[in-house]
Amino acid sequence: MGNKQTTFTEEQLEAYQVALHGRYRELAPHLVPLDYTNNPDIRVPLSLIVTMPELKENPFRDRIVETFSEDGQGNMSFNDFVDMFSALCETSPRELKTIYAFKIYDYNRDNFICKEDLQKTLNKLTKGELTPEEVTLVCDKAIEEADLDADNKLSFADFENMISKAPDFLSNFHIRI
Amino acid sequence: MPRKSAAAEEVGIDIDEDVSDSDDGDNRRRANRRQGGGRGGGRGGARGRGRGKKADSDEEEDDEDEAPKGRGRGGNRRRPANKRGAGRNNDDDSEDEAPKKKRGGAANRRKGGKAQESEEDSEAEKGKKGRKGGKKGGKEEDNGKGKKGDAKGKNKGKDKDDDKDKKKKKKKDDSSSDSNSNSDEEEESMSEGEMARLMEEVEEKKKLIANIRNKPWRMKRRLVLLKEAQQFVDKFEGALGKGKGRKWYAYKVMMTKKWIKFQRDFENFRTACIPWERKIKEVESHFGSSVASYFIFLRWMYGMNLVLFGLTFGLVVIPEVLMGLPYGSIPRKTVPRAEQPTAQDYSVLMDFNGYCKYSVLFYGYYNNQRTIGLLKFRLPLSYLLVGIGSFGYSLMLVIRTMAKNADVGGGDGEEGEFTFAWKMFTSWDYLIGNAETADNKYASITTSFKESIVDEQENQKDENIHLRRFLRVLANFMITCSLGGSGYLIYFVVKRSQEFANRTDLSWYEKNELELIMSLLGLVCPPLFETIAELEDYHPRIALKWQLGRIFALFLGNLYTFLFALFDEVNTKLDEEESIKNASIWAMKEYYANYSRLLNDSDSTPPPMDPGDVIRGPCWETAVGIEFVKLTVSDIQVTYLTILIGDFARAVIVRFLNYCWCWDLEAGFPSYGEFDISGNVLGLVFNQGMIWMGAFYAPGLVGINVLRLLSSMYYQCWAVMATNVPHERVFKASKSNNFYMGLLLLILFLSLLPVVYTIMTLPPSFDCGPFSGKAKMFDVIMETIDLDLPAFMGTLFSYAANPGLIIPAVLLMVLAIYYLNSVSEAYQNSNMELKKKMQMARDEEKNRRNNKDSTNQVMKDLEDLMPNRSLSPPAPPEPEKPPEPEAKPTKTKPGSAGKGVNLQKDVTLASPNPNARGPIDRPPGPRGPGPGPRGPGPGAGGGRGRGRGPPPR
């Protein structure tokens with residue numbers, strides 16, 4: 001009985017989940033209880049989540065956490081937490097990753113990646129080592145390359161079209177936990 | 001119909017256990033009763049199953065309690081459905097049919113053409129949660145259950161900002177309860193069609209389970225859906241006789257995952273096996289691919305030299321050491337008596353005289369014994385073959401590498417359409433968790449951006465083309481002049497030095513004139529060329545190639561003088577040898593004569609002369625070998641010292657004197673050094689030329705070279721990282737190192753000439769080396785053919801050497817070359833043609849889209865003007881809607897329900913695009929995907945995203 005589509009034994013599953021929850025809990029032992037029966041609404045704030053070794057070197061860590069948190073402020077419940085790692089895990093499909101990548105890079109959450117978003121991305125990627133002219137050049141070029149509908153910003157469709165041809169998006173956009 | 005009865009049992013049992021169930025139970029019980037008779041004996045077995053499920057259904061109950069709204073509605077709706085009864089598969093207007101179909105659509109969408117196995121694990125992850133809640137009646141206080149309850153509770157509690165989610169869920173609930181009821185009815189009638197439909201549903205649910213992770217939903221929603229689907233499947237799967245082969249499936253999936261993991265590990269292992277990969281990557285991340293290309297070239301060179309080293313040492317040096325006569329046994333292996341007192345002096349050894357000269361490192365040490373040792377190793381033959389084989393191997397390797405690099409696509413920096421966008425969005429590796437690696441990655445990303453920026457600026461540059469052309473011609477003219485000038489200077493100085501050779505009263509300057517001039521030229525010309533090249537204003541990558549070519553031409557002068565001097569020396573030695581040979585033979589005879597005269601016994605064989613006393617020839621081969629070794633060693637010294645002083649000392653001074661200096665040393669005049677790519681590459685290339693030329697006369701040279709390359713890899717890597725600064729304009733190296741390879745090939749050819757010339761024409765020394773006593777070196781091959789191979793081979797070779805055979809063969813080869821050449825040209829043309837076509841197609845597509853979207857733009861603007869533009873709470877409801885308009889078309893297409901399920905499936909299989917597009921519509925965030933524009937957007941947005949196929953509007 002039970003769901004037979006899974007390929008794990010009961011124990012494995014439990015171990016898996018417990019492991020993930022362990023990771024979650026160790027971020028904030030005082031906040032996260034082991035027993036979930038009574039206080040269901042637990043959130044770990046962004047400042048704690050980004051201290052995970054998997055995230056702490058990532059220039060987009062704040063954005064990642066914000067994107068996956070339900071309230072958009074980076075306070076993550078365990079569900080969000082699981083969400084995050086399942087979307088970023090190696091086997092999650094390209095479409096899903098594309099969606100989340102788009103959300104991550106969409107800083108102002110207007111569902112378009114506009115120049116300001118690109119500039120922020122670029123400055124995070126290069127630690128602000130490019131001159132403003134170079135930044136402008138790069139952003140203009142990036143939009144020019146990927147923008148298919150000539151509205152000077154990247155919609156999701158543009159983004160998806162561009163990402164789907166990128167050779168190392170899949171290999172780079174994942175986290176092993 | 002065994003299937004049917006099984007299904008009935010399953011359901012029935014469920015009902016038995018579910019008596020307490022609210023209104024669901026009622027229906028089911030009815031079904032149960034109806035089928036009472038048919039169930040029969042299988043019941044006992046099924047019961048176990050059913051019992052196991054009990055906890056499950058209890059859990060279900062909980063859920064239902066928590067979402068009473070959904071249930072209630074489901075119940076309401078169910079009544080009409082019941083009324084309709086069995087024959088209703090063809091009604092398509094019914095209320096509950098719709099959600100069901102929708103669900104079907106959703107499930108189909110979910111399929112997405114993805115490989116299911118790969119997703120299995122996360123499904124499992126989620127599944128476990130669902131299951132845990134469901135299964136462990138008692139223990140469900142733990143995470144899984146708690147979470148679920150949590151999720152549900154939240155769901156309800158936060159109705160306000162989650163109502164979109166809610167709505168969706170409700171719908172789902174409806175549909176699932178509907179399907180439950182439907183299936184109940186089906187049990188009642190249990191016609192073939194219903195069975196099929198049930199199966200279909202189970203399949204859909206399964207698909208949902210398998211693909212649920214692909215949906216950009218919040219976890220709790222996924223959990224809810226997943227649980228429902230699982231329960232459904234649990235309930236009916238057994239009924240439909242499925243559920244076999246699970247183990248095999250699980251095993252397969254597990255093995256797939258293991259295999260993937262193994263592949264990854266293997267890949268890592270392979271990368272770890274590439275020597276210095278990390279070092280080079282580090283250099284590349286800070287200095288750009290152009291500097292890294294030098295190190296890659298160096299590494300390649302090291303690999304090639306290792307093989308040469310293996311050949312030489314394995315087939316020549318080591319056999320000689322192991323099986324040959326030991327030192328001091330024969331004259332050629334002994335230091336002459338006159339030299340013995342100083343033979344161990346450091347200065348002598350550093351000049352590779354004394355013991356060094358009479359060692360296994362040099363040609364002269366080898367004996368001309370035809371076979372040595374027990375194995376009858378034919379050393380002379382092996383010596384010659386290794387000499388030739390080294391060249392053959394190098395040639396083959398260089399050419400093969402060039403061909404392979406050309407295959408990679410010598411696309412100079414041009415990388416397709418999304419250079420910047422890709423760099424921007426896909427260059428960060430999310431796996432990086434190490435601060436140092438992250439720093440390197442930042443550096444490398446910055447560098448690569450700079451590289452692309454340089455390329456881009458170069459593309460955008462457009463000014464007076466006539467001026468540019470004029471300047472380029474001018475620059476080339478000037479450089480040609482200075483090259484010609486230095487060429488003449490070299491020629492002149494060489495001539496003068498020949499004059500000087502006959503005189504003895506030379507001043508210090510006159511003695512060293514040649515070297516001085518040469519090093520002066522080497523010092524002055526490269527910077528001069530670089531300055532002149534500024535005029536040309538090429539892209540730095542192309543400028544580097546020109547610079548390389550020009551300095552190469554200059555260095556050829558070096559080579560020329562060196563070879564000239566060498567051949568002079570060889571010729572004098574050959575003259576000298578002639579006389580010494582006679583003297584030596586005469587001395588030997590005299591020694592024997594004296595011996596027999598002193599003893600008065602002509603019969604007794606005299607003891608051999610002490611090997612140190614024998615008169616020797618000059619052995620020009622060893623002299624040449626020493627010359628090359630000396631040159632190589634001094635080259636190493638100069639290179640290393642230059643780095644130490646020119647880079648390291650300078651960096652130290654700049655760094656520490658800067659505290660107490662009147663101007664800013666770091667930013668101002670001396671600054672830090674840049675890595676001199678052209679100089680280093682040429683140094684490497686010419687050094688390799690020396691090795692190729694010298695290796696025949698000094699087998700040890702290859703070993704020295706291997707050490708040199710090895711040490712310089714570490715040394716230069718360190719020096720670059722520690723003392724140099726990146727170039728002002730970091731530029732991307734062309735992907736293939738083919739220009740370097742071309743230079744190498746040229747040098748290889750040039751160094752092949754003198755060696756072959758000496759092998760084929762000059763007589764070997766009479767008293768040293770493996771070929772002594774033969775008229776020509778290659779006689780050793782003739783000898784082998786005559787003595788060791790069967791007679792017919794000799795005749796075969798003589799036939800093969802017949803001009804009548806060789807000329808046609810050469811002709812044939814020329815023809816083949818011509819043919820292949822023209823073929824490759826044709827391919828190149830068609831390649832270009834295709835590239836052009838691709839470019840055109842891309843442009844066209846872009847245009848088309850632009851047009852389409854420009855019309856759309858108006859609409860979008862309009863929508864933008866609509867209210868609800870805020871980012872926060874009000875937005876959420878919006879995204880909920882999209883699924884409907886999208887789902888409907890899929891729904892309506894297949895037409896009626898009963899068969900429709902299958903049809904639907906086919907349709908979606910045929911055009912997977914819409915499925916994959918699904919996710920777009922439901923962005924995971926709490927805020928809606930932009931309010932108005934998205935309303936109709938989902939279809940539209942998806943259309944654009946996938947757009948190439950079916951235009952959705």
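All chains are named by letter (A, B, ...) in the order of the sequence lines, taking the proteins before the strands, and each is independently numbered beginning at 1.
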Asker: Given B:F425, which of A:I113, A:I104, A:T98, A:N172 fulfils the side chain to side chain contact (heavy atoms under 4.5 Å, CB included) condition?
Answerer: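 Single pass found, and it is A:I113.
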
Asker: Which bit of A:F60 is near chain B, if near means a heavy-atom gap under 4.5 Å: side chain, backbone, both or neither?
Answerer: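 Interface part for A:F60: side chain.
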
Asker: So does B:K261 have more than 12 non-hydrogen atoms from other groups sitting under 6.0 Å from NZ?
Answerer: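 No, NZ of B:K261 has 12 or fewer neighbouring heavy atoms, counting only those of other groups under 6.0 Å.
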
Asker: Would you give the length of the straight line joining atom NZ of A:K127 to atom NZ of B:K441, rounded to the nearest 0.5 angstrom?
Answerer: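 These two atoms lie 14.0 Å from each other.
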
Asker: Is A:K97 close to chain B through its backbone or its side chain, or both, or neither, when contacts mean heavy atoms under 4.5 Å?
Answerer: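 Neither; nothing under 4.5 Å.
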
Asker: Using 0.5 Å steps for rounding, measure from the OH atom of B:Y442 to the NZ atom of A:K124.
Answerer: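 Nearest 0.5 Å value for the OH-NZ distance: 9.0 Å.
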
Asker: Can you tell me which of B:I445, B:I432, B:I453, B:D439 forms the most heavy-atom pairs within a distance under 4.5 Å of chain A?
Answerer: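 Highest number of pairs under 4.5 Å: B:I453.
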
Asker: Grab the two heavy atoms, one from A:M162 and one from B:W422, that are nearest each other, plus how far apart they are.
Answerer: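 Smallest interatomic distance, heavy atoms only, reads O-NE1, 3.0 Å.
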
Asker: For A:L154, which atoms come within 4.5 Å of any heavy atom of chain B: side chain, backbone, both, or neither?
Answerer: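 Just the side chain, heavy atoms under 4.5 Å.
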
Asker: Find the distance between CD (A:Q119) and CE (B:M424) and round it off to the nearest 0.5 Å.
Answerer: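 Answer rounded to 0.5 Å: 9.0 Å.
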
Asker: Grab the two heavy atoms, one from A:L130 and one from B:K450, that are nearest each other, plus how far apart they are.
Answerer: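 The pair with the smallest heavy-atom distance is CD2-CG, 3.9 Å.
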
Asker: Heavy-atom distance under 4.5 Å to chain B: side chain of A:L137, backbone, both or neither?
Answerer: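 The answer is the side chain of A:L137.
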
Asker: Which atoms form the tightest heavy-atom contact between A:A146 and B:A421, and what is the distance?
Answerer: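 Distance-wise, the nearest heavy atoms are CB-CB, 4.3 Å.
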
Asker: Could you go through the side chain to side chain contact (heavy atoms under 4.5 Å, CB included) check for B:T426 and A:F173 one step at a time?
Answerer: CA-CA 7 Å; B:T426 69; A:F173 195 76; over 6 Å; no

Asker: Between A:L170 and chain B, with a heavy-atom cut-off of 4.5 Å, which part of the residue counts as in contact: side chain, backbone, both or neither?
Answerer: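 Contact with chain B involves no heavy atom of A:L170 at all.
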
Asker: Quick one: which of A:E144, A:K141, A:E134 has the most heavy-atom pairs under 4.5 Å with chain B, could you say?
Answerer: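 Of the candidates given, the most pairs with chain B belong to A:K141.
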
Asker: CG/A:L55 to OH/B:Y430 distance, rounded to the nearest 0.5 angstrom?
Answerer: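 Those atoms lie 10.0 Å apart.
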
Asker: Quick check for you: among A:L125, A:I64, A:T126, which has the greatest number of heavy-atom pairs under 4.5 Å with chain B?
Answerer: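 Result: the option with the highest number of such pairs is A:L125.
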
Asker: Give, for atom NZ of B:K423 and atom CD of A:E145, the distance between the pair rounded to the nearest 0.5 Å.
Answerer: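 B:K423 NZ to A:E145 CD: 9.0 Å, rounded to 0.5 Å.
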
Asker: Checking the side chain of A:E57 only, and the main-chain atoms of B:A438 only, is there a donor and an acceptor separated by less than 3.5 Å?
Answerer: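 Not a single qualifying donor-acceptor pair exists.
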
Asker: Got a second to check how far B:W428's CH2 is from A:T121's OG1, nearest 0.5 Å?
Answerer: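 Result: 13.5 Å between the selected atoms.
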
Asker: Report the option among A:Y105, A:F169, A:F159 that has the most heavy-atom pairs separated by less than 4.5 Å from atoms of chain B.
Answerer: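 So the answer, after comparing A:Y105, A:F169, A:F159, is A:Y105.
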
Asker: Is it the backbone or the side chain of B:S452 that comes under 4.5 Å from a heavy atom of chain A, or both, or neither?
Answerer: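 Nothing of B:S452, per the 4.5 Å heavy-atom cut-off to chain A.
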
